[in-house]
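Here it is, the structure, as structure tokens.
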Amino acid sequence: MSYVTINQVTKGYENQVVLNDISLTLKKGEFATLLGQSGCGKSTLLRSIAGLEGVDVGRILIDGHDITNLSPRQREVGMVFQSYALFPNMTVFDNIAYGLKMKKVKNVKSKVKNMIDMVDLIGKEESFPHQLSGGQQQRVALARALVMEPKVLLLDEPLSALDAKIRKSLQKELKRIQKELDITTIFVTHDQEEAMTMSDRIFVMNKGKVVQSGSPSEIYTSPVNTFVAKFIGNYNVCNMEVFHKLVRSTELKGNEVAIRPEVLQLVSVGEDSLDIQENWGIKGFIKDVSMTGNVLRYEVETEESAFLVDYLHHRGEMFEQGARVQILVPKKECIIL
Amino acid sequence: MRKIKKQKIYLLALLLPFIMFVIGFEIGPLVAMIKNSFYADDGIQVAIDQYITIFKSEFYLQAIQNSLVISLFSAVTSVIIAVIAAYSITKFSQKIQNRLLMIANMTSNFEGIPLSFSFIILLGNNGLFTLLFSKIGGDVFADFNLYSWTGLILVYIYFQIPLAIMLIYPSYQGIKKQWKEASSLLGGSTLSFWLHIGIPVLLPSIVGTFSILFANSMGAYATAYALVGSNYNLLSLQIASLVASDVALKPQLGSAMGVLLAATMIGAMWFNERMMRRIRRDLR
């Protein structure tokens with residue numbers, strides 16, 4: 001039984017299509033992420049669910065109710081913005097209590113107290129937004145949305161304005177709170193790593209369409225097209241004709257082949273450990289070595305195109321720049337696009 | 001280190017004409033006015049007679065009261081109109097906004113005698129509109145008298161509005177669209193947004209504008225003088241007649257009234273500031 005249903009939603013500005021026939025469904029309690037580059041329509045879709053933007057065609061349902069034409073205040077959704085959007089003239093307490101007061105809910109005090117407790121802001125009740133750090137402000141914004149007990153929580157790049165360390169810790173906390181309250185959440189981000197860590201399900205968007213959906217590991221291990229392969233995991237995407245030439249075999253059929261950088265292995269030329277049953281070999285030389293902490297990334301130039309090869313950073317095992325190598329390409333790891 | 005000092009001296013030297021101007025034409029007269037107000041009519045004896053005269057005279061007290069009432073009324077009305085007008089301006093395209101602001105800017109400099117005469121030409125007893133409407137038959141201005149309290153207020157409000165718009169307009173840029181969105185998602189109506197967030201955020205600029213408008217109309221002299229002459233009892237008109245009249249020249253009394261005028265303005269600003277801080281606790 002789906003809890004949120006987006007049914008053939010289309011929206012355009014003037015002569016530009018922003019959302020192109022989008023359909024998707026979410027289960028209750030699911031943490032879904034809309035992932036894509038800026039301008040792909042992910043924020044517009046989120047804002048359409050919130051009612052901050054209308055749609056031209058299609059329907060949006062939450063918990064069986066058609067909310068397509070309802071105003072934002074009738075939709076029972078909560079939203080957290082990238083820029084926090086806290087009311088500057090109100091204290092933390094008043095910010096969180098605002099919605100409850102608008103809806104004339106009882107027990108405002110205890111509800112707000114619980115929320116402040118949950119987002120770990122005890123002692124900051126009487127502070128004003130400008131006295132808080134970015135991370136604290138975003139917690140207030142989260143509490144302000146959650147205290148209304150919305151049916152769906154919408155998060156519009158809520159962590160993008162924060163620095164890396166706070167971002168990581170808020171990711172964990174957000175996930176914890178989401179699980180604790182079992183609240184259906186739609187998260188928008190352009191950061192694939194963030195999407196992988198947080199989501200139960202990812203919808204990859206490009207040019208106003210959902211190009212692939214699935215669990216993080218499905219999306220990562222079996223991208224359906226070049227866009228997803230390149231956007232999600234730094235895949236090596238190679239034209240099939242070129243690939244045939246490089247491996248001297250026409251065993252694979254299709255347009256393109258995608259290979260993850262971490263499944264490739266490097267061996268020195270002459271060191272003959274090539275298992276031709278399982279692997280193909282491509283000769284080349286190390287053009288560049290870069291390091292991102294625990295990962296060593298080799299850029300290997302071959303006669304036709306360059307490949308990225310990722311290694312975990314072990315002590316003493318390093319190929320020098322310019323070294324001649326052979327790339328081992330495991331046959332079963334090649335994804336045909 | 002030495003270089004910086006040298007630069008500072010140059011900068012101060014550049015400021016010198018301005019400082020001299022301020023001392024000569026603002027601080028000097030102010031000190032002289034305060035000093036003068038504590039002399040008796042002969043200008044020799046130190047006394048507080050002038051203040052006693054003012055507070056014992058119903059005529060002068062009425063002048064103060066009239067000035068206060070017209071200033072409060074015109075400032076409040078203009079601020080309310082300007083808050084709404086400036087908001088509507090923000091709803092136009094940038095191009096139209098710029099043009100409207102240019103008009104506001106121009107008209108905000110249109111005051112004093114030219115303004116009064118324009119009103120006389122248009123709405124006076126033999127004014128264009130007055131005659132036009134009586135000829136047409138729809139005698140809208142039959143009960144209207146430009147040279148009265150109502151007329152005076154109309155002209156005051158007229159010259160206050162553009163200034164108020166100019167002063168309030170920029171603060172609308174500080175109201176973020178996302179506050180409105182957040183408020184509506186939390187169940188707030190447009191009214192509750194403005195009541196709880198919009199107006200409080202605008203408040204400092206509204207209060208500041210009010211103070212300026214209040215001072216502006218308390219001190220307005222030429223407009224009132226050209227329109228009602230000495231027929232109407234206003235503080236600024238009384239001060240003028242005491243320091244520049246041909247009949248009864250009493251500069252000491254005029255100075256004392258000037259001091260009271262300044263005190264009212266300072267008092268109004270202080271009161272405004274206090275009220276604002278009560279509401280906007282985050283600005284403390």
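Quick note on labels: first sequence line is chain A, next is B, and so on, each numbered from 1. Since the structure is predicted, the reported quantities are computational estimates derived from the model, not experimental observations.
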Handout entry: Residue B/Phe73 excluded, over 12 heavy atoms near CZ under 6.0 Å
Key = no
Handout entry: A/Lys28, NZ: over 12 other non-hydrogen atoms inside 6.0 angstrom
Key =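 More than 12 within 6.0 Å, yes.
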Fill in the blank from the handout: Closest heavy-atom pair, B/Leu185 versus A/Ala50, reported as atoms and distance to 0.1 Å, is CD2-O, 3.6 Å
Handout entry: chain B contact via A/Leu100 - which portion, at a heavy-atom distance below 4.5 Å
Key =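 For A/Leu100, neither part sits under 4.5 Å from chain B.
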Using only distance (under 3.5 Å, no hydrogens or angles), which donor-acceptor pairs connect chain B and chain A?
from	atom 1	to	atom 2	distance (Å)
A/Arg47	NH1	B/Glu181	OE1	3.0
A/Arg47	NH1	B/Glu181	OE2	3.3
A/Arg47	NH2	B/Glu181	OE2	2.6
A/Arg73	N	B/Ser184	O	3.4
A/Arg73	NE	B/Gly187	O	3.4
A/Ser83	OG	B/Gln178	OE1	2.4
A/Leu86	O	B/Trp179	NE1	3.1
A/Asn89	ND2	B/His196	O	2.8
A/Tyr98	OH	B/Ser183	OG	2.8
A/His130	NE2	B/Asp282	O	3.3

Exercise for the section: Mind checking ring-ring contact (aromatic ring centres under 6.0 Å, His included) for B/Phe25 and listing every partner two or more places apart, or none if nothing turns up? Expected result: B/Phe21
Exercise for the section: Mark yes when over 12 heavy atoms from residues, nucleotides or ligands other than A/Lys27 sit less than 6.0 Å from its NZ; otherwise mark no. Expected result: no
Problem - Inter- and intrachain pairs under side-chain hydrogen bond (donor to acceptor under 3.5 Å, both in side chains), touching residues 55-67 of chain A, at least two apart - result: A/Arg59-A/Asp66, A/Asp66-A/Thr68
Handout entry: Pairs flagged by ring pair (Phe, Tyr, Trp, His ring centres under 6.0 Å) wherever residues 25-64 of chain A is involved - sequence neighbours left out
Key =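 Qualifying pairs: A/Phe31-A/Phe187.
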Exercise for the section: Report, as yes or no, whether the 6.0 Å neighbourhood of atom CZ on B/Phe110 holds more than 12 heavy atoms from other residues, nucleotides or ligands. Expected result: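 Counting neighbours around CZ of B/Phe110, more than 12 heavy atoms of other residues, nucleotides or ligands fall under 6.0 Å, so yes.
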